[in-house]
Participant: 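Sharing a structure here in structure tokens format.
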Amino acid sequence: MENNSRRTFIKNGLLASGAMAVGHPGNLFANSKEQALKNITIKTVDSNFERGPLIRPFGFKGGYMSEIWQTISYLESTSGQHQIGLCTQNVLWSDAKVFANNSESAGNALMYAITERAQQMIKGQSFTSPVDLLDEMLPEVYEYAKKVTSNPNLRKTFALNALVGVDNALWLLYAQENGFKTFDDMIPKVYKPSLSHNHEKAAAIPLMAYTIPIDEIKTAVDEGYFFMKIKIGQPGTQAEMLEKDKARLSAIHKAIGDVRTPYSKNGKLPYYFDANGRYEKKETLLQLLDHAKKIGAFEQIAIIEEPFAEELEFDVSDIPVRLAADESAHTDEDAIKRMEMGYKAIALKAIAKTLSMTMKIAQAAYERNIPCFCADLTVNPILVEWNKNVAARLKPFPGMGNLGLVESNGHQNYKNWKIMLTYHPHSNASWVNAKKGVYELNEDFYAKSGGIFDRSEHYESIFAKH
């Protein structure tokens with residue numbers, strides 16, 4: 001950041017802190033305790049990463065991943081406090097062109113370089129609000145990301161994905177310095193309306209990618225999973241894609257269409273399709289919906305996520321199912337634009353677009369009465385808890401009972417998932433693993449905020465030199 005910009009930001013942060021001290025009514029970042037927030041200065045930064053090999057190639061957007069990098073951000077303040085934030089990188093999801101134009105490892109290295117750049121930018125910087133700091137650094141990080149990837153049209157989610165670990169570390173440091181003990185305490189007052197529920201359960205949504213056999217889908221349902229995320233938009237021409245998607249829908253509906261669940265209002269399994277922007281025309285999607293009607297699956301379609309590429313900016317309010325925006329809703333401004341186009345749900349990704357941006361998007365959706373749910377990025381077990389903390393506090397989704405919705409598919413895809421679970425500071429807690437398709441969000445979950453404030457011995461050991 002330029003020195004003038006940095007001085008202005010710090011000055012504004014100090015002014016905001018002063019306003020809080022006197023209970024200024026115009027302050028939007030005041031927390032429920034109305035205390036003055038500390039001005040925190042970042043003294044030391046560090047980072048590292050681990051590779052997460054996958055059980056099988058993971059296919060979507062017409063591509064396939066074989067591993068997922070877990071990057072780790074270390075931040076220490078001038079008061080001697082430190083925190084570690086985690087990030088699961090997903091180059092294919094955040095920008096398929098970067099994935100296609102580089103080797104898989106090179107694409108991951110590019111995103112990691114952006115994380116490192118962001119950390120160097122905030123070294124020596126002061127902040128009182130993680131949200132404000134993210135807003136301050138994002139434009140410069142995004143411009144740097146475009147240069148690093150040699151892609152002037154880079155999708156903003158690429159930069160946001162790279163910032164997740166940094167943002168999480170900032171939130172944890174913010175909570176530690178200000179004495180906040182729970183996720184509820186940490187939520188700024190302006191965002192509390194959208195994150196005010198405390199569900200006792202959250203549906204655990206598994207992901208059924210192109211290569212998942214029908215038998216495995218049926219097995220998941222037999223185990224109690226009832227809200228299925230199914231990848232559509234398979235590789236090939238538009239005509240080939242449509243025929244493959246029709247066949248996939250038919251096979252799935254034949255296998256599980258008659259199963260019943262107590263969690264949906266109509267008693268049937270809700271279908272959640274994710275096209276990752278593969279459909280190029282409304283007419284093609286309508287043909288898939290006509291097929292769903294013919295086979296009796298139409299009324300079970302709860303969501304179709306991101307059917308069209310984000311550059312296809314047309315009104316979708318005439319499509320007779322609930323469309324959700326995901327990667328096209330990079331920021332709160334983008335989300336508002338999608339809602340104005342007729343999208344009737346937003347997939348929140350605190351684990352892919354940063355918690356700071358997610359709070360802004362959730363509040364924008366809440367103000368427009370648009371429901372939200374939490375989608376996964378095949379993240380590690382600790383990041384699942386960040387997502388669950390958001391999902392646990394969202395309004396119930398239309399057509400479902402009083403429960404949150406959170407996708408988690410890491411257990412389906414990582415070779416070393418059981419080892420990764422041991423890095424969780426409360427790996428044996430009753431709320432960590434789903435049981436019969438739901439996460440039990442009891443008092444202990446809320447008291448511990450899913451364990452996100454507790455230190456992980458594994459990740460702490462990586463930065464033992466500090």
Side-chain angles (χ1 to χ4, degrees), residues 42 44-54 67-76 81-91 93-94 108-109 111-116 118-119 122 130 134 141 157-176 183 186 348-358 374-391 406-411 413-414 416-427 429 432 448-464 466:
I42 305 298
T44 304
V45 300
D46 202 351
S47 68
N48 212 321
F49 72 94
E50 297 176 327
R51 295 185 175 200
L54 301 177
E67 67 176 16
I68 300 177
W69 286 20
Q70 314 293 320
T71 61
I72 310 128
S73 296
Y74 174 97
L75 302 181
E76 183 179 335
Q81 307 283 9
H82 81 270
Q83 289 292 344
I84 292 170
L86 306 180
C87 169
T88 292
Q89 295 190 164
N90 198 313
V91 175
W93 172 80
S94 59
N108 275 299
M111 186 178 283
Y112 180 50
I114 295 161
T115 301
E116 178 63 19
Q119 293 192 176
I122 64 172
L134 178 80
V141 170
T157 41
F158 195 91
L160 286 165
N161 191 174
L163 287 168
V164 168
V166 181
D167 186 70
N168 281 1
L170 287 169
W171 276 103
L172 292 175
L173 201 57
Y174 161 83
Q176 184 179 27
F183 192 86
M186 188 174 73
L348 298 177
K349 274 190 161 91
I351 42 69
K353 300 176 190 173
T354 72
L355 178 63
S356 292
M357 188 60 72
T358 294
C374 288
D376 196 9
L377 200 68
T378 314
V379 297
N380 60 65
I382 292 176
L383 281 176
V384 171
E385 303 299 346
W386 285 81
N387 234 12
K388 280 160 64 176
N389 270 297
V390 174
V406 59
E407 180 194 357
S408 176
N409 62 70
H411 65 287
N413 291 293
Y414 286 108
N416 301 326
W417 180 255
K418 290 183 179 179
I419 295 173
M420 296 166 76
L421 267 175
T422 66
Y423 306 160
H424 193 306
H426 297 283
S427 58
V432 169
K448 292 186 172 69
S449 300
I452 66 170
F453 295 111
D454 297 305
R455 300 197 185 278
S456 163
E457 291 184 8
H458 172 76
Y459 295 114
E460 289 288 328
S461 69
I462 292 174
F463 302 102
H466 295 288

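Because the structure is predicted, anything quoted here is derived from the model rather than measured.
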Participant: Do we see a donor-acceptor contact under 3.5 Å between the side chains of Q176 and Q81?
Facilitator: yes
Participant: Taking the side chain as every heavy atom from C-beta outward, state whether L86 and Q70 have any pair of such atoms under 4.5 Å apart.
Facilitator: no
Participant: Specify whether F463 and H466 have parallel, tilted or perpendicular ring planes, treating 30° as the upper limit for parallel and 60° as the lower limit for perpendicular.
Facilitator: tilted
Participant: Compare every heavy atom of M111 with every heavy atom of S94, then report the nearest pair and how far apart it is.
Facilitator: OG-CE, 3.3 Å
Participant: Testing the basics here: between V45 and Q119, what is the closest heavy-atom pair and its distance to 0.1 Å?
Facilitator: CG1-O, 3.6 Å
Participant: Could you tell me whether the side chain of T44 reaches within less than 4.5 Å of the side chain of L75, counting heavy atoms only?
Facilitator: no
Participant: I'd like to check H458 versus E50 (side-chain heavy atoms, cut-off strictly below 4.5 Å). Are they in contact?
Facilitator: yes
Participant: Examine the side chains of N389 and S449 and answer whether a donor and an acceptor come within less than 3.5 Å of each other.
Facilitator: no
Participant: I need the minimum non-hydrogen distance between H426 and V432, along with the two atoms involved.
Facilitator: O-CG2, 3.1 Å
Participant: Please tell me if the side chains of I462 and I72 come closer than 4.5 Å, counting only heavy atoms from C-beta onward.
Facilitator: yes
Participant: Provide the closest heavy-atom pair for S408 versus V384 in the form atom of the first, atom of the second, distance.
Facilitator: OG-CG2, 3.7 Å
Participant: Side-chain contact, heavy-atom cut-off 4.5 Å: F183 with V390?
Facilitator: yes
Participant: Spell out, as yes or no, whether a donor-acceptor pair under 3.5 Å connects the side chain of D167 to the backbone of S356.
Facilitator: yes
Participant: For N108, does its backbone N or O pair with a side-chain atom of Q89 as donor and acceptor, under 3.5 Å?
Facilitator: yes
Participant: Can you name the nearest heavy-atom pair linking A350 to N387, along with the distance?
Facilitator: N-OD1, 3.7 Å
Participant: Measure from the side-chain N and O atoms of N380 to the backbone N and O of L383, and report whether any donor-acceptor pair falls under 3.5 Å.
Facilitator: yes
Participant: For the pair N161 (side chain) and T88 (backbone), establish whether a donor and an acceptor sit closer than 3.5 Å, ignoring hydrogens and angles.
Facilitator: yes
Participant: Return the orientation label for the H82 and Y74 ring planes: parallel under 30°, perpendicular over 60°, tilted otherwise.
Facilitator: parallel
Participant: Relative to the ring of Y423, is the ring of Y459 parallel (under 30°), tilted (30 to 60°) or perpendicular (over 60°)?
Facilitator: perpendicular
Participant: Pick one: which of N168, V141, I114, T115 meets side chain to side chain contact (heavy atoms under 4.5 Å, CB included) with L163?
Facilitator: V141
Participant: Is the closest side-chain donor-acceptor distance between W93 and T378 under 3.5 Å?
Facilitator: no
Participant: Taking all non-hydrogen atoms of both residues into account, name the closest pair between F49 and T71 and its distance.
Facilitator: CB-CG2, 3.9 Å
Participant: Does any non-hydrogen side-chain atom of Q83 lie less than 4.5 Å from one of W171?
Facilitator: no
